[in-house]
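Working notes, beginning with the structure itself.
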Amino acid sequence: MRIFSGIQPTGRKHLGNYIGAITQYVAGQHRGEAIYCVVDLHATTVAYEPDILRESVYDTAATLLGAGLEPDRCIFFRQSDVHEHTELTWLLSSVTAFGDLNRMTQFKDKSSAQRELVSAGLFFYPVLMAADVLAYRAQEVPVGEDQRQHLELMRDIAERFNARFGQTLVVPEARIPEVGARIMDLQFPDRKMSTTGGSPQGTVYVLDEPPAVSKKIRSAVTDSGTEVVRAPDKAGISNLIEILAAVRGTAPEEIEREFDGEGYGAFKQAVADAVVTYLSPVRERYAQLRADEPKLEQVLEEGAAKAREVASGTLADVREAMGVGPVRPRQ
Ligand code: AQP
């Protein structure tokens, strides 16, 4: 089983990223051949500062290593170090429908949030994401619920490529967790917890100090009731139940049973304590790892060398199938 996923280099990963994606990355190392990258090229599709981008790659790398990625157990690298991703993006564009890209909800949301330029790169984001995964012929892609549409598009691209040029690419499956696939903003529980669109008090960051984590969770917006149950009109409490279930690795029904008759105050305190305990080890390891930038750079470079070995083989097959470049000599 080959597993691939990418994560954006934002200095501040939030609890949604952690539960929806990062914990799955760590588990993936023990289930198969896991390949993960920090997608710095994706980060250039919206307004950004070059110096901050470079630093953010190290921040994100230290967060993932702090969470438990082991460079001996997985391939972990920086996207822009492996040029095959960008070449494959262009080649895949020939089997990507403009109309499909135009339907992507993430493009609609993010383009409307841009104040100056809506870049063509933002529109092309899902093709680069398809290239990331297809370059490794991965079977499985661990992501949160918000990436489902991009995964569907990626599958269509791979299928169209194979139908047009012959069986070359693997059509991947999304792996979306049963619990915690869509963690919501604590202040606006009808919106997902998000790096760019979230509220500061409604977003728990992985590196927040324990008092801040605790305060944000205890101030989470809830309804005027008292029952700790999931319901359509109880978005805030439903979100906290989902968070506690994900953190404890149990089912939401278990949480409802345990807090039956307890009231919101005690429940929120329990969620706050559990999240603090859950995030503290990664915050502590992050501090040590982030202090050694040359070591982080070395890990990323070594990962890129291993990634290139895999991606270059796929690229050679894709070029050959498409009639791009000279005929490959037979071995
Ligand atoms: N709220 C969430 N709940 C569960 N999973 C989530 N993910 C994101 N938000 C939630 C998952 O985290 C992974 C990495 O995401 P990313 O850093 O590449 O950025 P993103 O998907 O665009 O989400 P962000 O971090 O919140 O950024 P913005 O604000 O730009 O949308 C992905 O697997 C994602 O599904």
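Only this structure's heavy atoms are used, side chains among them; waters, hydrogens and symmetry mates stay out. Along the sequence shown, residues are numbered consecutively beginning with 1. We count ligands from 1, going down the list as the structure has it; atoms in each ligand are counted the same way.
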Do Ile7 and ligand 1 have an N or O pair less than 3.5 Å apart? no
Under 3.5 Å, is there a donor-acceptor pair linking the side chains of Gln288 and Glu284? no
Part of Gln8 with heavy atoms under 4.0 Å of ligand 1, whether side chain, backbone, both or neither: both
Which atoms from ligand 1 have a heavy atom of Ala181 less than 4.0 Å away? 3 (N), 4 (C), 5 (N)
Shortest reach to atom 7 (N) of ligand 1 by a heavy atom, considering only Leu151, Asn17, Asn239, Val38: Asn17
Polar contact flag for Asp146 and ligand 1 (N/O pairs, less than 3.5 Å): yes
Does any donor atom in the side chain of Thr226 or Tyr264 lie under 3.5 Å from an acceptor atom in the other side chain? no
Arg328 meets the salt bridge (Lys or Arg N to Asp or Glu O under 4.0 Å) criterion, sequence neighbours left out, with Asp317, Glu320
Does some non-hydrogen atom of Ile19 fall short of 4.0 Å from ligand 1? no
Got an N/O contact under 3.5 Å between His14 and ligand 1? yes
One residue to check: Lys13. Relative to ligand 1, which of side chain, backbone, both or neither has a non-hydrogen atom less than 4.0 Å away? side chain
Within less than 4.0 angstrom of ligand 1, does Ser5 place any heavy atom? no
Does any N or O of ligand 1 fall below 3.5 Å from an N or O anywhere on Gly6, backbone included? no
Using 4.0 Å as the upper bound for N to carboxylate O, is an ion pair formed by Asp185 and Arg191? no
Donor-acceptor side-chain pairing of Ser111 and Lys108 below 3.5 angstrom: no
What about Met184: any of its N or O atoms under 3.5 Å from an N or O on ligand 1? no
Report, in ascending order of atom number, the atoms of ligand 1 lying under 4.0 Å from any heavy atom of Ala21. 12 (O), 13 (C), 33 (O)
Among Glu84, Arg2, Arg137, find the residue that satisfies the side chain to side chain contact (heavy atoms under 4.5 Å, CB included) test when tested with Val310. Arg2
May I ask whether Lys110 has any heavy atom positioned less than 4.0 angstrom from an atom of ligand 1? yes
Polar proximity ligand 1 side, Thr10 side, N/O cut 3.5 Å exclusive: no
